[in-house]
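Beneath this line is the structure, given in structure tokens, with notes to follow.
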Amino acid sequence: MPNTFPKHNKLCGQERIAALYKEGKRFTAWPMRVTYQPTEEDTQVLVWAPKSLFKRAVKRNHLRRLMREAYRLHQDILGEQHYQIAFNYMDKEEQPFTVIEKAICKSLKKISEQS
RNA sequence: UGAGUAGGCCGGUCUAUCGCGCACGCGAGUGUGAGGAAAGUCCGGGCAGCACAGAGCACCAUCGCGGUUAACGGCCGUCAGGCAGCAAUGUUUGGUCCCUGCUACAGAGACGAGAGAUGUGAAACGAGCAUACGAUGGGCUGCAAUUCCAAGUAAACCGAUGUCUGAGCGUUGCUCGCGCGAGUCGGAGGGUAGGAAGCGUUAGAUUAAUGAUAGACGCCCGCAAGGGUACAGAACCCGGCUUACAGGUCUGCUCUCGAA
RNA sequence: GCGGUGUUAGCACAUCGGUAGUGCAUCGGCUUCCCAAGCCGAGGAGGCGGGUUCGAUUCCCGUACACCGCU
């Protein structure tokens, strides 16, 4: 599986996002909260950091890019099953890439094991 | 030589690997991709929709003089006063008192009155000020404007009020005047929230690209190991203002001394 | 993205430019065998930085934070 992250792998649309947060399973993988559910369609991923914790848009963008990059590099952990996944950043501090990468790996393993 | 002051400019560079948006291409691929403030949204335009016979009132903004501009409340020059500084310079204020009104405490008296001195007071017949007056400008709302396509629903229900003895609507805050003329207002409830244009212009997305990792160089701190490298991220586009900002650099001017 | 509102005592709110008040809460006293209620008294405040003015919570500018509306 190539380590790419094209546009159709992004989760978008108010209805889909609302449905995921309403119906999906969730757990915490510091410094993020993960919400996911299996799906028949392509795997779609949503990544964000809240404005209430990070006032400056630069920081939010940076965190989003770090999380997205970590997912892109390790998405092959998931295997054949497709999922809708949302990662939202929770910690008050900006964590470095290595920390986020670890957390993403952990949570992806957890998802693939649980289902 | 040191200190200060004003203005301008820059605000990382390169390599490797893995990626993202857009354009072109059948394809391999090629080209291109954040800022001086992109920010705050404080002004001014463009642009869009609605409206516009006319009159009056209200409301908001501006306020020495001259120039600049598409326009401005910005900028440049200049005059006068206050404040800071030895100075260069910085900063701030700037229509008028005829009408309406305010000037606490103190003081005999505070804008009313016969006048003056002393004292009081920021101000004592001289005034100062704005909510007052004058001049000039302003139709209203804003790209979540607006237009189109697709999908879908509820012309139903309850209450109030009205059909020429006229409700209400438009004239954009109000009045007059003018025009329209059978519905209108409130309650509770139902549906949708996808796509395209707007937004082409050497970024142009639609939940949002411009990134990550590793190494080298430059700069700063430190004896060294090592650490740090600002403020900050386009969402229709321009001209300004304001605020944030590590460090570097150039030019003019002022004061101070000859020197560790 | 666009537009609007607010910030006053621990809390909720007042205040035409002239000594910043009210209620609840807190503390002290009176009353009571003790407590509550009641009565008397006290402490405590203008988000921050400038400007106008004799004088600013009020007017003006900047800034920080919070809240609301618009597809």
Side-chain angles (χ1 to χ4, degrees):
Chain A
M1 188 181 287
N3 290 334
T4 60
F5 189 64
K7 205 169 174 182
H8 65 265
N9 283 130
K10 285 175 197 159
L11 178 63
C12 53
Q14 282 190 21
E15 283 183 22
R16 289 177 173 189
I17 293 168
L20 172 57
Y21 275 99
K22 197 179 175 187
E23 297 165 12
K25 300 175 184 175
R26 67 187 64 172
F27 60 89
T28 304
W30 183 87
M32 288 168 295
R33 188 188 297 146
V34 184
T35 311
Y36 74 98
Q37 64 180 8
T39 179
E40 299 297 315
E41 303 168 12
D42 281 345
T43 294
Q44 290 189 316
V45 175
L46 173 72
V47 156
W48 55 275
K51 193 173 185 178
S52 53
L53 294 178
F54 299 95
K55 286 273 174 210
R56 302 272 85 91
V58 182
K59 292 182 182 175
R60 293 199 302 276
N61 279 343
H62 186 64
L63 286 168
R64 193 174 68 233
R65 284 162 180 168
L66 288 177
M67 288 191 281
R68 193 187 62 200
E69 187 70 7
Y71 166 78
R72 182 180 70 77
L73 292 172
H74 300 288
Q75 58 182 304
D76 51 328
I77 293 173
L78 286 176
E80 293 299 313
Q81 178 66 40
H82 290 170
Y83 300 94
Q84 288 183 334
I85 313 176
F87 296 96
N88 43 321
Y89 198 87
M90 293 169 64
D91 199 66
K92 287 178 192 169
E93 305 291 323
E94 276 187 275
Q95 299 296 336
F97 179 72
T98 50
V99 174
I100 292 174
E101 194 179 20
K102 270 187 189 174
I104 293 272
C105 283
K106 234 180 168 180
S107 49
L108 289 178
K109 277 179 193 168
K110 197 169 178 181
I111 289 170
S112 62
E113 284 167 6
Q114 281 190 355
S115 55

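- A distance of about 15 Å separates the P atoms of B:A144 and B:A39, rounded to the whole Å.
- In B:G186 the O4'-C1'-N dihedral to the base is more than 90° from 0, which defines an anti nucleotide.
- If you check B:G4 for Watson-Crick or wobble pairing at under 3.5 angstrom, you find it paired to B:C253.
- Across all strands shown, B:G179 is found opposite B:C169 as a Watson-Crick or G-U wobble partner, with both distances under 3.5 Å.
- Within the 4.0 angstrom heavy-atom criterion, only backbone atoms of the sugar-phosphate kind lie near A:Arg56; the bases stay farther away.
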Give each protein N/O atom lying under 3.5 Å from an N/O atom of nucleotides 21-31 of chain B, with the pair distance.
from	atom 1	to	atom 2	distance (Å)
B:G21	OP1	A:Lys7	N	3.3

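- Across all their heavy atoms, A:Ser112 and A:Leu78 have their closest contact at CB-O, 4.0 Å.
- A tilted orientation is assigned to the rings of A:Phe87 and A:Tyr71, their planes being inclined by 30° to 60°.
- Of all the heavy atoms in A:Met67 and A:Trp48, the pair that sits closest is CE-O, 3.6 Å.
- Across all strands shown, B:U15 forms a Watson-Crick or G-U wobble pair with B:A214, both key distances being under 3.5 Å.
- Applying the side-chain hydrogen bond (donor to acceptor under 3.5 Å, both in side chains) rule to A:Asn88 yields no partners; only residues at least two apart in sequence or on another chain are considered.
- If you check every strand for non-hydrogen atoms under 4.0 Å, A:Arg68 touches sugar and phosphate atoms only.
- The C1' atoms of B:U163 and B:A150 are separated by 41 Å, rounded to the nearest whole Å.
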Using Watson-Crick and G-U wobble pairs whose two distances are both under 3.5 Å, how do you write the pairing of RNA chain C as dot-bracket, with | for links to another strand?
-> (((((((..((((....[..)))).(((((.......)))))....(((((..]....)))))))))))).

Could you check A:Lys110 against A:Gln114 for side-chain contact (heavy atoms from CB on, under 4.5 Å), going step by step and ending with a plain yes or no?
-> CA-CA 6 Å; A:Lys110 197 169 178 181; A:Gln114 281 190 355; 3.6 Å; yes

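- The pair A:Glu69-A:Arg72 meets the salt-bridge criterion, with a side-chain N (NZ, NE, NH1 or NH2) lying under 4.0 Å from an Asp/Glu carboxylate O.
- Taking atom CZ on A:Arg60 and atom P on B:U207, their separation rounds to 17 Å, with Å as the unit.
- Using P as the reference atom, B:A244 and B:U92 are 15 Å apart when rounded to the nearest Å.
- Proximity of a side-chain donor or acceptor of A:Gln75 to a complementary backbone N or O of A:Thr4 within less than 3.5 Å is detected.
- In this structure, CG of A:Leu63 is placed 15 Å from P of B:G211, rounded to the nearest angstrom.
- Comparing the same atom, C1', in B:G189 and in B:A156 gives a spacing of 11 Å after rounding to whole Å.
- Nearest heavy-atom pair, A:Gln44 versus A:Lys10, reported as atom, atom and distance to 0.1 Å: NE2-O, 3.5 Å.
- The minimum heavy-atom distance between A:Thr39 and A:Gln81, with the atom names listed, is O-NE2, 3.8 Å.
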Listing time: all N or O pairs from protein to nucleotides 65-71 of chain C that are below 3.5 Å?
from	atom 1	to	atom 2	distance (Å)
C:A66	OP2	A:Lys55	NZ	3.3

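- Atom C1' of B:C174 sits at a distance of 30 Å from the matching atom of B:C97, rounded to the whole Å.
- Considering only side-chain N and O atoms, A:His62 lies under 4.0 angstrom from the phosphate OP1 or OP2 of B:A212.
- The backbone N or O of A:Lys55 sits less than 3.5 Å from a side-chain atom of A:Arg60, completing a donor-acceptor pair.
- Listed here is the closest heavy atom pair of A:Leu66 and A:Gln95: CD1-O, 4.1 Å.
- Atom NZ of A:Lys102 and atom C1' of B:A212 are 18 Å apart (whole Å).
- Using a 4.0 Å cut-off, no side-chain N or O of A:Arg64 falls inside it from OP1 or OP2 of B:G233.
- Atom CG in A:Asn9 sits roughly 16 Å away from atom C1' in B:A208 (whole-Å rounding).
- Separation of atoms CG (A:Leu63) and CZ (A:Phe54) is listed at 5.0 Å; rounding is to 0.5 Å.
- In this structure, the CG atom of A:Asn88 is 18 Å from the P atom of B:U207, given to the nearest Å.
- Under the Watson-Crick and G-U wobble criteria, each requiring two contacts below 3.5 Å, nucleotide B:A150 is left unpaired.
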When you look at A:Ile85 and A:Val34, which way does the side-chain contact (heavy atoms from CB on, under 4.5 Å) test go after all the steps?
-> CA-CA 7 Å; A:Ile85 313 176; A:Val34 184; 3.9 Å; yes

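- Pairing of B:U243, defined by two Watson-Crick or G-U wobble distances under 3.5 Å, is not identified with any nucleotide.
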Would you check, one step at a time, whether the test side-chain contact (heavy atoms from CB on, under 4.5 Å) holds for A:Met90 with A:Thr28?
-> CA-CA 9 Å; A:Met90 293 169 64; A:Thr28 304; 4.1 Å; yes

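- For the pair A:Leu66 and A:Lys59, nearest-nucleotide mapping onto RNA chain B gives the more 5' position to A:Leu66.
- The partner of B:U184 is B:A160, by the rule that a Watson-Crick or G-U pair needs both atom distances under 3.5 Å.
- Note: CD (A:Glu94) to C1' (B:G233) measures 13 Å, nearest angstrom.
- For the pair A:Asn61 CG and B:G33 C1', the interatomic distance rounds to 15 Å; values are reported in whole Å.
- Glycosidic conformation, B:G36: syn, with the torsion inside 90° of 0.
- The distance from the NZ atom of A:Lys59 to the CD atom of A:Glu93 is 9.0 Å, given to the nearest 0.5 Å.
- Rounding to whole angstrom units, CZ of residue A:Arg65 and P of B:G233 are separated by 12 Å.
- Both distances falling under 3.5 Å, in either a Watson-Crick or a G-U wobble arrangement, place B:U32 opposite B:G21.
- Rounded to whole Å, the separation between the P atoms of C:C27 and C:G4 comes to 47 Å.
- Within the 4.0 angstrom heavy-atom criterion, no nucleotide atom of any strand lies near A:Leu46.
- Between the P atoms of C:C24 and C:G6, the separation comes to 29 Å (whole Å).
- Across every strand in view, B:G56 sits in a pair with B:C174 that passes the Watson-Crick or G-U test at under 3.5 angstrom.
- B:G112: glycosidic angle within 90° of 0, hence syn.
- Nucleotides B:A196 and B:G204 are separated by 16 Å at their C1' atoms, to the nearest Å.
- For the pair A:Leu53 and A:Tyr89, the minimum side-chain heavy-atom distance is 4.5 Å or more.
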Less than 3.5 Å apart, which donor and acceptor atoms pair up between the side chains of residues 97-109 of chain A and the rest of the protein, not counting sequence neighbours?
from	atom 1	to	atom 2	distance (Å)
A:Glu101	OE2	A:His74	NE2	3.0
A:Ser107	OG	A:Ala103	O	2.9
A:Ser107	OG	A:Ile104	O	2.9

Detail all sub-3.5 Å separations between protein N/O atoms and N/O atoms belonging to nucleotides 16-18 of chain B.
from	atom 1	to	atom 2	distance (Å)
B:C18	O2'	A:Arg72	NH1	2.7
B:C18	O2'	A:Arg72	NH2	3.4
B:C18	O2	A:Arg72	NH2	3.1

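- In textbook terms, a nucleotide whose glycosidic angle is within 90° of 0 is syn, and B:A34 is one such case.
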